[in-house]
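Chain identifiers are assigned alphabetically (A, B, ...) following the order of the sequence lines, protein sequences preceding nucleic acid strands; residue numbering begins at 1 within each chain.
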There are 2 protein chains.
Amino acid sequence: MIELRVDLVLLSLRAGRLEVLLETDSGSSVPAWRLPGSAVGERQSLEAVAQACLVAATGSTRGYLEQLYTYGDPARVPGRRTVSCVYLGLLRGASGEPKVPGGRWHDASHPPRLLFDHRAILDYALTRLRYKLEYTAVGFELLEATFTLTELQRAYEAVLGEALDKRNFRRRILSAGVIEPTRAFRTGEGRPARLYRYRDDAVAEVKARRLFP
Amino acid sequence: MIELRVDLVLLSLRAGRLEVLLETDSGSSVPAWRLPGSAVGERQSLEAVAQACLVAATGSTRGYLEQLYTYGDPARVPGRRTVSCVYLGLLRGASGEPKVPGGRWHDASHPPRLLFDHRAILDYALTRLRYKLEYTAVGFELLEATFTLTELQRAYEAVLGEALDKRNFRRRILSAGVIEPTRAFRTGEGRPARLYRYRDDAVAEVKARRLFP
DNA sequence: AGAATAGTGTCTCTCAGACATTATTTG
DNA sequence: CAAATAATGTCTGAGAGACACTATTCT
């Protein structure tokens with residue numbers, strides 16, 4: 001029998017780093033980590049399963065979800081025929097601790113040993129996210145509702161893994177027309193920074209040129 | 001029970017038009033068209049099922065295949081719980097008539113009425129193909145092993161649905177470095193045209209700027 | 001010779017990328 | 001006033017897009 005499930009690559013910015021949520025069977029002595037997920041119920045859509053997993057794992061109902069790829073090689077899970085429809089999830093803002101027992105956040109670029117083909121899935125998700133960041137506005141999904149331009153730049157840098165020029169970043173992100181200034185500022189050390197928000201009317205896919213080629 | 005299957009959007013250039021392969025139950029009086037596909041066997045990978053369907057439908061073993069999206073809404077196929085993993089297939093050159101009974105090529109942009117959500121799937125496949133054509137070399141998959149630049153331009157125009165400037169097209173496609181000239185020419189009416197071929201060492205994804213933004 | 005198709009070059013304008021200084025606030 | 005962070009503008013080079021004529025072959 002073919003078992004159909006949905007697995008998730010849940011990503012979040014925590015302390016400026018891109019982290020991924022992994023689960024382990026608390027029973028076993030050697031920790032074996034895996035992506036969260038669950039079997040698909042008879043009457044659930046794939047999207048609904050992904051959403052339910054997201055809520056179960058993080059307690060948050062806010063999050064961006066996107067279907068990534070479906071993995072169906074007969075040998076990918078030894079002893080069973082499991083087909084996994086994998087979703088990529090981005091959580092807004094620094095998420096709290098995982099709500100699910102055995103769940104923990106890990107550095108997305110240097111995860112522990114993962115079960116099955118989950119390491120390949122994670123790497124693919126990161127590649128796709130980096131790629132997507134270059135020509136869509138999906139990066140905003142990792143931040144709070146309002147944010148400073150520096151925070152936004154840090155988010156992009158965390159995902160892309162490289163430093164970006166401050167002036168060029170601002171010029172491009174502002175000319176893309178997907179964010180707009182608010183009247184609020186974030187204070188702290190140094191000069192206060194203006195807060196921005198996503199524009200409601202911003203198109204998800206930035207039609208124009210890539211943002212970061 | 002959840003039924004898992006693979007369906008295909010098979011596209012081919014026929015008489016300069018982009019056409020899609022559809023199947024019908026020859027028994028029924030009112031033709032009801034659908035995308036070709038089949039159930040996933042216990043020991044088959046999804047890719048293998050797609051490849052097998054491609055061969056069964058067209059008799060050709062040459063073809064580009066790429067996983068497109070997995071459709072799993074409980075209501076998409078009335079009375080059954082069917083999850084479809086859909087592959088996009090591009091056939092090289094003008095394909096012959098379909099090998100499968102009930103199969104026929106149709107104008108991809110103006111298909112007949114389709115069963116289930118297959119119309120939405122087809123439209124999504126076309127959108128993705130057009131989008132992908134802008135920044136990858138995937139367009140070559142619709143042509144023979146060697147081709148003239150005019151043929152290549154016609155292929156791009158057929159998919160994109162718009163006319164392209166001859167000089168700009170040539171400049172960009174040549175500077176992309178994915179094709180190379182052969183010593184052969186195609187003769188016919190008018191001046192013979194040089195034949196080109198794909199470069200074996202061409203990267204699938206053109207890293208540089210989009211070809212046709 | 002005429003019809004048909006192949007093949008080629010330039011200019012302009014926009015945008016990406018590199019780069020350093022001034023402005024505002026807190027302690 | 002020192003430390004910290006925010007905010008801003010210019011120059012240069014590459015490439016996209018618009019555009020028209022010459023070259024070669026066949027009948």
Show which side-chain atoms of residues 96-103 of chain A pair as donor or acceptor with protein atoms under 3.5 Å away, not counting sequence neighbours.
unit_1: A:E97; atom_1: OE2; unit_2: A:R14; atom_2: NH2; d: 2.8

Can you tell me how far [atom2] of [N] sits from [atom1] of [X], to the nearest Å?
| X | N | atom1 | atom2 | answer |
| --- | --- | --- | --- | --- |
| A:F185 | D:dA7 | CZ | C1' | 11 Å |
| B:L174 | C:dT8 | CG | C1' | 11 Å |
| A:Q153 | D:dT5 | CD | C1' | 13 Å |
| A:E151 | D:dT5 | CD | P | 13 Å |
| B:R194 | C:dG7 | CZ | P | 8 Å |
| A:L152 | D:dA6 | CG | P | 13 Å |
| A:K166 | D:dT8 | NZ | P | 10 Å |
| B:R186 | C:dA6 | CZ | C1' | 14 Å |

Select base, sugar-phosphate, or nothing to describe what A:T148 touches, counting heavy atoms under 4.0 Å on all strands.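 Nothing: the residue A:T148, judged by heavy atoms under 4.0 Å, touches no strand.
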
A:R17: side chain to side chain contact (heavy atoms under 4.5 Å, CB included) partners, not counting sequence neighbours: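 Here the qualifying residues are A:E19, A:D107.
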
Any residue meeting side chain to side chain contact (heavy atoms under 4.5 Å, CB included) with A:R167, in chain and number order, not counting sequence neighbours: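 Applying side chain to side chain contact (heavy atoms under 4.5 Å, CB included) to A:R167 gives A:D165.
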
Validation: residues 108-115 of chain A side-chain donor-acceptor distances under 3.5 Å, sequence neighbours left out:
none

Considering residues at least two apart in sequence or located in another chain, which fulfil the side-chain hydrogen bond (donor to acceptor under 3.5 Å, both in side chains) criterion with [X]?
| X | result |
| --- | --- |
| B:D73 | none |
| B:R191 | none |
| B:T150 | B:R170 |

Just the table, please: protein N/O against nucleotides 9-11 of chain C N/O, every pair under 3.5 Å.
none

Angle between the end axes of the helix from C:dA1-D:dT27 to C:dG27-D:dC1, five pairs per end, to the nearest 10 degrees?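 Inter-axis angle at the termini of the helix from C:dA1-D:dT27 to C:dG27-D:dC1: 0°.
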
Please tell me if B:R170 has a side-chain N or O lying less than 4.0 Å from either OP1 or OP2 of C:dG7.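 Yes, B:R170 has a side-chain N/O under 4.0 Å of OP1/OP2 on C:dG7.
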
With A:R119, which residues qualify under salt bridge (charged side-chain N to carboxylate O under 4.0 Å, His left out), at least two apart?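 A:R119 satisfies salt bridge (charged side-chain N to carboxylate O under 4.0 Å, His left out) with A:D123 once adjacent residues are dropped.
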
Summarise how protein sits on nucleotides 21-27 of chain C as a single string, 5' to 3': B when a protein heavy atom is under 4.0 Å from the base, S for sugar-phosphate-only contact, - for no contact. --BBBS-

Compare the minimum distances between each of D:dA6, C:dA16, C:dG7 and the side chain of B:A193, then state the nucleotide with the smallest one.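 Closest of the options to the side chain of B:A193: C:dG7.
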
Any side-chain heavy atom of B:L35 sitting closer than 4.5 Å to one from B:E23?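 Side-chain contact under 4.5 Å: no.
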
Is it true that B:T70 and A:T70 share a donor-acceptor pair across their side chains at a distance under 3.5 Å?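 B:T70 and A:T70 do have a side-chain donor-acceptor pair below 3.5 Å.
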
Would you be so kind as to tabulate the donor-acceptor pairs closer than 3.5 Å made by side chains of residues 45-56 of chain B, with sequence neighbours excluded?
unit_1: B:S45; atom_1: OG; unit_2: B:A48; atom_2: N; d: 3.1

